[in-house]
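Report on the following structure.
In the text below, chain A, chain B and the rest are named by the order of the sequence lines, each starting its count at 1.
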Amino acid sequence: MTLGGFHGEGRPDKSALFGIFHMAVERYNPRDTEPRWQKAWDEARLFETRNDDPRPKYYVLEMFPYPSGRIHMGHVRNYTMGDVIARWRRAMGYNVLHPMGWDAFGLPAENAARDNKVNPRNWTYANIETMKGQLKTMGLSLDWARELATCDPAYYRHQQKMFLDFWKSDLVERKSAKVNWDPVDMTVLANEQVIDGRGWRSGAPVEQRDLTQWFFKITSMSEQLLDGLETLERWPDKVRTMQQNWIGKSTGLAFEFGLKGAPEGFDSLPVFTTRADTMWGPTFAAIAADHPLAKALAQDNPEIAAFTAKCRAIGTSAAAIETAEKLGYDTGLKVTHPADPDFELPLWIANFVLMDYGTGAIIGCPAHDQRDLDFARKYGLPVVDVFKPLDSDASVGDEAFTPAKTEKVRYVHWHGEPGTEITCQEAMDRTLALYEEKGWGQGRVQYRLRDWLISRQRYWGCPIPVIHCDDCGAVPVPADQLPVELPMDVTFDKPGNPLDHHPTWKHTSCPNCGKDARRDTDTMDTFVDSSWYYARFTDPWNETEPTTLDYVDGKNGWLPVNQYIGGIEHAILHLLYSRFFARAMKATGHLNTVEEPFEGLFTQGMVVHETYKVPGEGFITPAEIRIDDIDGTRSASRLSDGATVEIGPIEKMSKSKKNVVDPDDIIATYGADTARWFMLSDSPPERDVIWSEAGVEGAHRFVQRLWRLVAEAAPSIAGVAAYPAKDGPLSATSKAAHKTLKAVGEDLGRLQFNKAVARIYELTNLLSRDLSALDEKAGAETRAALREGVEFLVAMIAPMMPHLAEACWQEIGGTGLAAEQAWPAFDPALVVDDELVLPVQINGKKRGELSVPADAPPEEIEAAALALDAVRVALEGKQPKKVIVVPKRIVNVVI
RNA sequence: GCGGGCGUGAUGGAAUUGGUAGACAUACCGGACUUAAAAUUCGGAAGCUUUGGCUGUGCGGGUUCGAGUCCCGCCGCCCGCACCA
């Protein structure tokens, strides 16, 4: 299972050397040819895109990488898919924008700086250099002239400007809030970056802290972000659903309880409920442990203080929440119902009420809410049925009655006539109308989405361009002082924020009053950087503005991105932030019209690989082992000493499992085309692909086979004009070629690369039979038809295996570069069959076949089917009950 | 718990959206070539079978002339969200 071996040197194999079969054709040697073609593309500047090109535009973008050091197989898969689309659209006549850049800010650079005493900037740029070199070996058709790095002041100066513009437009806010603190990364995190109560990078349980921080007011666009999802027809439903859930819209009734005996300043208690129809069934009210009223009560009641402390101690982790029992503390206070001041309820503090959602206070209606019921049963609170099923008079036991809102029920305890049978929705609507009319409450829309916390107590990020003055407060850095650049002389030897530790950087004067003042030492969340890079690519040369309105969107502009490709892990984070940013940029004049930045989104699956373990020692890499397969039983051993190796489960490639395959090794051994072809074959692109040595070998065999096929045929078809065979023995081949061309185009349009690959295999199998029969005696028509077939094949592989396509194109004497050739047009007349083979069924089971002209009338087909031997035998001279003829599909004789 | 997706040979997966199930590939087996292997090339292969067929797309029903595909009920796996009032 070594990656080196016999392929590497590209020496011709023996059969070719001795000319056993056809003329001697040397093995295709990608290591030699691929760099040559890459150079040819560069010199021809084929992939540099002009903004003023009049052809229709197509913008293909893959999520740009974090410069971690080296590219991995996930990048190879992602960028191969994007490149296929880019090259194919180019061949279709579009002016294609296909740029690449670097998501270059982030914590790993700081960790590297701390551990290896290097500057984060130098570390980052060194990684960019390496990875750019790796991407170049993949043969991607990228416009490197537009390359950008988010850590470049030339980029982040515009981000600082937009931050200030957003602030002016009331889209930014500095506020004190309970925030997520990651104790390992020593910074705050946005809600979206906390997964199961842990930091998304560090995995450490986050703590809640009250801090004053900068927020983007993404909640001001909740409704637009939700509505916009409807328009994203070329997004996966899964991602749309996830965003919908994240925004979490709910509609209901907002009202206020009256408060009796509460501390000074607490006259009423605002509450939100989605079940207005249950307003006559509550038996208690409850507030969160962090509710201001609970805090006030805790101040002079040690028991309450102890209880609220206990609630907080349970923590926020998923496991803790799942096992947590409902806990409550009766405050002794009473609340009064908005519709009837004499209707009093006890006020509890309960651990299952969240301060983050709604108002942090609930109305407890046990009969129709499971949580409330559990709580009521535990503390012996009454349970009052508001409505019952139509067919039963039973009261609620230990299971709350929570029918769908559209279900009709019988209301027994509400403001209307008892016994009314209506749907819950109807009852809610009526209650809401009544409450609004009487002034007891109002309809309200509630969202789960929180504002986007962007402050990070880190060094390697975009500085927040704000100066804090004791007299003037937070003051924007004046435009002529932008960018606020990061200092280079920083140390990472003590924990915390290096910008804060820097001896001089933060000290400045107030732009307003001139007094001594301090710079904001926080930097922006790196998701801010990636929220607008797609717009910057449209004119990265603009020094004065983030975008150039003529080019960014609108009539002659690029946005929205026509096809965006990346991992599902950004379903909420990056994609939601970017959608917000586009709207904010439009609101501040940095975009003309576009609100949705990504018209088409594709989320590709992961690259996974078997894991290997030496018992007692741990994981080892695929390169260190060999696999033996004896009668279908696979076993593995270590190359160095023959030790037994356990073959473990297939998992996402990761350093810790050591199941990674280095793209450099693969490209050095097999070439970029093999790696690209393998990534596109077999697995549907949205699913995980299992990287296997056998699979790569198979892909490589096809590269060699196709090359041999074309090279051997070249002398016979070079200089021949391509023309399809309309009749004769080759007409079937020509038809297959045109059909394949049509189908592959359709597959590529839907990003179904695996299907396109399978069709190309089929055509190759067909052509190889015809080509091996080709000799000097072949007629002009045969040569023309085969020439066309080969040309189609080259055109179809060109987006996927661009180097091999160039080599083949050159071999058959094509002019110019394959990368510049137009996608061929199929002949509509050749993709329809004039003779069809119809399956003939008897009672739904296939019993024969029938060859008929495509335009044969159904009666004729029926007659022919009935004349078949198999049918005649089955009929035994009787009449069929029914004969179904589905044109171009099937005949079914029912007996 | 809620929401979404999936279940097809040894394996990855096709199946024109209700019309020949298993395309194509991987692995495997056999022939040719070779001293031998690799490479190449040709061929085989869902299962059972009394050779006429029968069974077969997680399981059980249903609709239909016809179901991998649609409907109902289960089972299993994956993903997302979750004490969201």
Can A/Arg240 and A/Glu230 be counted as an ion pair, charged N to O under 4.0 angstrom?
no
May I ask you to decide whether A/Asp833 forms a salt bridge with A/Lys739, counting only side-chain N to carboxylate O separations under 4.0 Å?
yes
May I ask you to check if A/Arg27 and A/Trp707 form a cation-pi contact, with NZ or CZ under 6.0 angstrom from the six-membered ring centre and within 45° of the axis?
no
Does A/Lys326 count as lying over the ring of A/Phe352, i.e. NZ or CZ under 6.0 Å from the six-ring centre, within 45 degrees of the axis?
yes
Is the centre of the A/Phe375 ring less than 6.0 Å from the centre of the A/Phe284 ring?
yes
Counting heavy atoms from C-beta on, name the nucleotide in [options] closest to the side chain of [X].
X	options	answer
A/Thr274	B/A25, B/G12, B/A85	B/A85
A/Arg371	B/A85, B/A39, B/C24	B/A85
A/Ile890	B/A25, B/U20, B/C83	B/U20
A/Tyr761	B/A23, B/U20, B/A25	B/A25

Pull up the glycosidic torsion of B/U63 and say syn or anti, syn being anything within 90° of 0.
anti
Assign B/G31 to syn or anti; the rule is syn for a glycosidic angle within 90° of 0 and anti otherwise.
anti
Taking OP1 and OP2 of [N], is either one under 4.0 Å from a side-chain nitrogen or oxygen of [X]?
X	N	answer
A/Arg687	B/G13	yes
A/Lys888	B/U20	no
A/Tyr357	B/A85	yes
A/Arg701	B/A27	yes
A/Arg708	B/A39	no
A/Arg847	B/G53	no
A/Lys755	B/A15	yes

Specify the separation, in whole Å, of atom [atom1] of [X] and atom [atom2] of [N].
X	N	atom1	atom2	result
A/Leu706	B/A25	CG	C1'	15 Å
A/Leu449	B/C81	CG	P	14 Å
A/His570	B/G80	NE2	P	14 Å
A/Ile362	B/C84	CD1	P	10 Å
A/Glu693	B/G12	CD	P	19 Å
A/Asp833	B/U20	CG	P	16 Å

Given the [atom1] atoms of [N] and [M], what is the spacing between them in whole Å?
N	M	atom1	answer
B/G22	B/C29	P	25 Å
B/A82	B/C77	P	23 Å
B/C33	B/G43	C1'	15 Å
B/G4	B/G66	C1'	31 Å
B/A27	B/G80	C1'	35 Å
B/G19	B/G1	P	36 Å
B/C54	B/A21	P	13 Å
B/U40	B/U49	P	36 Å

Passes side chain to side chain donor-acceptor pair (under 3.5 Å), A/Ser851 versus A/Glu835? Steps please.
CA-CA 7 Å; A/Ser851 193; A/Glu835 188 86 349; 3.2 Å; yes
Which residue is it: A/Arg377, A/Arg371, A/Gln370? I am looking for the one with a side chain to side chain donor-acceptor pair (under 3.5 Å) to A/Asp374.
A/Gln370
Pair pattern of RNA chain B in dot-bracket, where unpaired bases get dots and | marks partners in another strand, Watson-Crick or G-U under 3.5 angstrom:
(((((((..(((......[....))).(((((.......))))).(((....)))..(((((..]....))))))))))))....
Sequence-aligned protein contact record of nucleotides 65-71 of chain B, with B where the base is within under 4.0 Å of a protein heavy atom and S where only the sugar-phosphate is
BS-----
Chi angles and distances behind the salt bridge (Lys or Arg N to Asp or Glu O under 4.0 Å) call for A/Asp356, A/Arg448:
CA-CA 9 Å; A/Asp356 299 354; A/Arg448 204 185 78 110; over 6 Å; no
Please lay out, stage by stage, how A/Glu697 and A/Arg701 fare under the test salt bridge (Lys or Arg N to Asp or Glu O under 4.0 Å).
CA-CA 6 Å; A/Glu697 296 274 1; A/Arg701 266 201 299 278; 5.1 Å; no
Just to be sure I understand the rule, does A/Glu849 reach a base, reach only the sugar-phosphate, or reach nothing, if contact means heavy atoms closer than 4.0 Å?
base
Validation row: A/Phe702, A/Met801 side chains within 4.5 angstrom (heavy atoms)
yes
